[in-house]
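See below for the structure under consideration.
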Amino acid sequence: MAELEIKNLNMSYDKHLEILKSLNLHVKNGELISILGPSGCGKTTTLRIIAGLLRQTDGQVLIDGKDVSKLPVHKRNFGMVFQSYALFPHLNVFDNVAFGLRQRKEKVSIIQKRVNDILIATGLKKLEKRFPDALSGGQQQRVSLARALVVNPKLLLLDEPLSNLDAKLRVSMREEIRRLQQLMHTTTVFVTHDQEECFAISDRVAVMNQGVIEQFDTPQKIYRAPKTVFVARFIGYENFLSVTKKISSTSFYVKNVKLDINSTVDGVTSLSIRPNQIVLGSTAKTNIVSGEIQSSVFLGNAYRYTVSTCIGNLKVDYLGSKRLSNGQNVQLELPAAALLGLKK
Amino acid sequence: MKICYSIFTTYEQEMIKIRNRSAFLLLLPGVLAILLFLFFPVIQIALPTFAGHFGLSNYITFLQSHYNQGVLIRTLIIAFITMIITLTLGLPLSVWIARQRSTVRNLLSVVILFPILTNAVVRNFTWIIILGKNGVLNTLLLKLNFIDQPLTLLYSDMAIVIGSVYLFLPIMVTSLVSSVQELNVEVEEAAAILGSRPLVTFFKVMIPQLTTGILTGCILVFAGAMTAYTTPQLLGGNRHLVMSTLIYQQAMTLGDWSSASVVAIILIILTVLVLGMMRLVAKQLDRRSVND
């Protein structure tokens with residue numbers, strides 16, 4: 001249980017290759033946050049710096065207001081779960097889980113009790129005598145989680161812990177992680193490239209791109225109101241329209257079409273809308289653009305049309321049961337409520 | 001379908017039979033070569049040890065001699081100390097080499113192996129030059145005023161150990177490096193995060209995972225040091241005999257081939273016994289094979 005604060009974190013391997021660019025992050029006590037981003041965005045680097053496995057070029061990592069930047073890894077009292085599980089292959093499940101407590105020179109009776117409790121909580125009690133190579137991936141991940149949590153770490157760090165598991169197991173494991181995290185009230189940083197995974201269990205999500213956190217918000221806000229082009233694209237927005245001229249903070253020209261939006265951010269450079277929010281065949285007077293159907297794809301719940309318009313090709317999902325033919329002219333409405341203003 | 005299947009399997013079985021027969025034919029030259037070049041000489045060595053006297057009396061006579069006992073124990077101790085030193089020096093060195101970038105690692109591996117490429121006699125002569133009475137080391141120590149008169153370094157057990165360590169370190173390192181390379185670094189990082197100091201991680205996490213590599217290295221070094229001839233001959237001289245130099249002395253100097261054979265057979269048995277013991281110890285240490 002602790003509060004984590006990252007201040008102006010910089011990381012570069014040499015002068016030209018900047019991995020992190022003055023990163024700031026504040027995680028509240030008992031909160032589970034995710035760092036979401038594509039591979040190479042610096043999310044794992046950030047986690048390894050927090051853990052102390054990497055030394056930052058510049059900046060601070062604060063735990064409860066105290067700078068731990070100079071503290072070696074083994075004195076930080078964190079827990080970490082690795083993508084490869086990283087269990088001790090020469091120790092059985094019980095000894096794997098007991099490792100951290102033994103390093104802390106706890107009494108044998110206390111070790112016995114705490115390891116027992118966590119093995120029961122994670123459903124591993126029956127497997128305590130097994131060695132890692134006799135466990136399935138899910139079981140190994142559970143041992144790894146138990147091993148990290150049994151020491152009551154100030155901070156739990158999860159480095160893509162689910163990416164080696166199959167789809168079904170991934171869902172149940174992420175719920176398991178959330179359950180244990182809530183139970184022990186451990187401040188947790190979860191690194192992933194899977195948005196569904198992190199939306200499902202996080203209190204807040206930091207979307208990261210090229211060493212910068214683009215947006216740090218609740219999953220709902222990230223999903224419904226992304227602020228930058230990158231975030232919108234990463235969570236599945238399509239149809240990006242470059243602003244030609246700004247009329248007011250909620251009104252823009254894209255080429256010669258005037259489009260209004262309801263809510264806005266500073267410095268809008270693009271507008272975006274999800275394919276299923278464009279209204280095909282609308283009779284509205286504003287936010288209207290006309291175009292011609294180029295092609296269509298059947299998605300199951302709808303047809304996705306590519307419509308060429310004077311502001312570019314737009315992707316439109318339309319639920320009508322009959323497929324519209326190519327070459328047909330259609331009116332598209334981009335409702336102001338659904339249209340987003342985005343920064344670069 | 002069923003008929004097809006059974007026809008197919010008889011066909012398969014027939015193929016396997018033919019393959020087995022031809023495989024045996026292919027193996028034959030190798031088997032013959034091993035019998036001829038490996039076992040025949042050993043039998044040839046063993047036969048004269050029973051000549052003249054019945055049973056094991058030649059062996060008993062050999063083992064009753066205090067001088068011979070001394071040689072035997074010296075051989076064991078030198079081989080054991082050599083093994084321990086190469087292991088102690090080799091472990092950190094191997095970890096360091098194995099964790100370098102691949103280009104640096106390959107370069108270091110070549111450097112480590114380089115001494116093996118030189119002739120054994122030449123290699124030992126370098127130690128004669130270093131350890132001799134007027135050698136490099138004595139000259140240096142005298143110049144620095146650490147000692148008043150030259151130390152007797154050459155022609156001692158220590159000289160044999162030094163020469164053997166130099167000889168066998170590359171072999172130990174080579175077998176350890178491949179083991180270390182297989183380790184998952186994240187396992188050590190996990191240990192560190194759980195509060196384990198670097199030294200504890202080394203002994204409690206890394207070494208237990210390296211048992212196979214350590215065993216291989218130890219077996220190679222121990223067997224090599226037990227049976228080495230050039231190094232003890234050149235660096236130990238005539239007064240510090242080990243089993244292999246004793247064999248040479250018995251056979252070539254004294255012309256007593258039967259005694260030489262006795263020593264040779266005892267050396268073989270002893271080496272096999274010690275290696276068997278090492279395997280047992282390693283199996284005990286590797287708890288995974290015991291459990292579950």
Side-chain angles (χ1 to χ4, degrees), chain A residues 44 47-48 50-54 71-106 127-135 143-157 159-160, chain B residues 87 91 94-96 98-104 175-176 178-218 278-292:
Chain A
T44 297
L47 198 75
R48 291 175 67 83
I50 297 171
L53 296 169
L54 268 181
L71 212 59
V73 194
H74 63 273
K75 288 186 181 158
R76 293 198 182 187
N77 193 17
F78 294 166
M80 183 155 171
V81 174
F82 293 86
Q83 193 177 345
S84 70
Y85 318 136
L87 298 179
F88 305 124
H90 60 295
L91 299 177
N92 66 23
V93 169
F94 186 95
D95 292 334
N96 257 285
V97 176
F99 188 90
L101 294 172
R102 290 192 177 134
Q103 295 310 311
R104 284 161 179 74
K105 306 261 185 289
E106 295 283 358
L127 305 172
E128 65 175 8
K129 289 272 180 281
R130 290 256 193 110
F131 281 83
D133 55 9
L135 297 175
V143 176
S144 176
L145 193 62
R147 183 179 68 173
L149 283 171
V150 77
V151 296
N152 269 331
K154 283 186 180 163
L155 207 61
L156 178 64
L157 306 170
D159 186 12
E160 307 232 8
Chain B
L87 183 62
L91 263 175
S94 310
V95 173
W96 183 69
R99 296 282 156 88
Q100 301 293 323
R101 279 181 294 125
S102 66
T103 44
V104 182
S175 75
L176 286 177
S178 56
S179 266
V180 177
Q181 266 180 274
E182 280 171 25
L183 296 185
N184 176 4
V185 184
E186 285 190 346
V187 173
E188 290 144 50
E189 290 175 347
I193 288 171
L194 287 166
S196 151
R197 283 176 292 120
L199 218 57
V200 177
T201 307
F202 181 71
F203 283 109
K204 293 219 164 158
V205 177
M206 290 183 79
I207 288 189
Q209 293 182 74
L210 294 172
T211 42
T212 322
I214 291 173
L215 184 70
T216 312
C218 284
M278 280 197 227
R279 258 184 203 289
L280 271 181
V281 172
K283 213 171 190 179
Q284 284 297 311
L285 288 177
D286 194 6
R287 287 162 53 195
R288 258 178 303 173
S289 54
V290 185
N291 206 290
D292 220 314

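Every chain is numbered from 1 and lettered A, B, ... according to where its sequence line falls, protein lines coming before strand lines.
How far CD1 of B/Ile207 is from NE2 of A/His90: 10.5 Å, rounded to the nearest 0.5 Å. In this structure, CG on B/Leu194 lies 6.5 Å from CZ on A/Arg104, to the nearest 0.5 angstrom.
Here A/His74 is the residue among A/His74, A/Lys75, A/Arg48, A/Met80 with the most heavy-atom pairs under 4.5 Å with chain B.
Annotation for B/Arg279: atom CZ does not count as buried by contact number, only 12 or fewer foreign heavy atoms lying within 6.0 Å.
Under the ring pair (Phe, Tyr, Trp, His ring centres under 6.0 Å) criterion, A/Phe88 pairs with A/Phe99, sequence neighbours left out. A/Tyr85 is linked by a ring pair (Phe, Tyr, Trp, His ring centres under 6.0 Å) to nothing, counting only residues two or more places apart in sequence or in another chain. A/Arg102 is linked by a salt bridge (Lys or Arg N to Asp or Glu O under 4.0 Å) to A/Asp95, counting only residues two or more places apart in sequence or in another chain.
Of residues 183-191 of chain B, those residues with a non-hydrogen atom less than 4.5 Å from any non-hydrogen atom of chain A are, in numerical order, B/Asn184, B/Glu186, B/Val187, B/Glu189, B/Ala190, B/Ala191.
Among all heavy-atom pairs drawn from B/Gly195 and A/Gln103, the shortest one is O-CB, 3.7 Å. B/Ile193 approaches A/Phe82 most closely through the heavy-atom pair CD1-CZ, 4.1 Å.
Contact of A/Leu157 with chain B is not made at all, since no heavy-atom distance falls under 4.5 Å. Of the atoms belonging to B/Val205, heavy atoms from both backbone and side chain fall under 4.5 Å from chain A.
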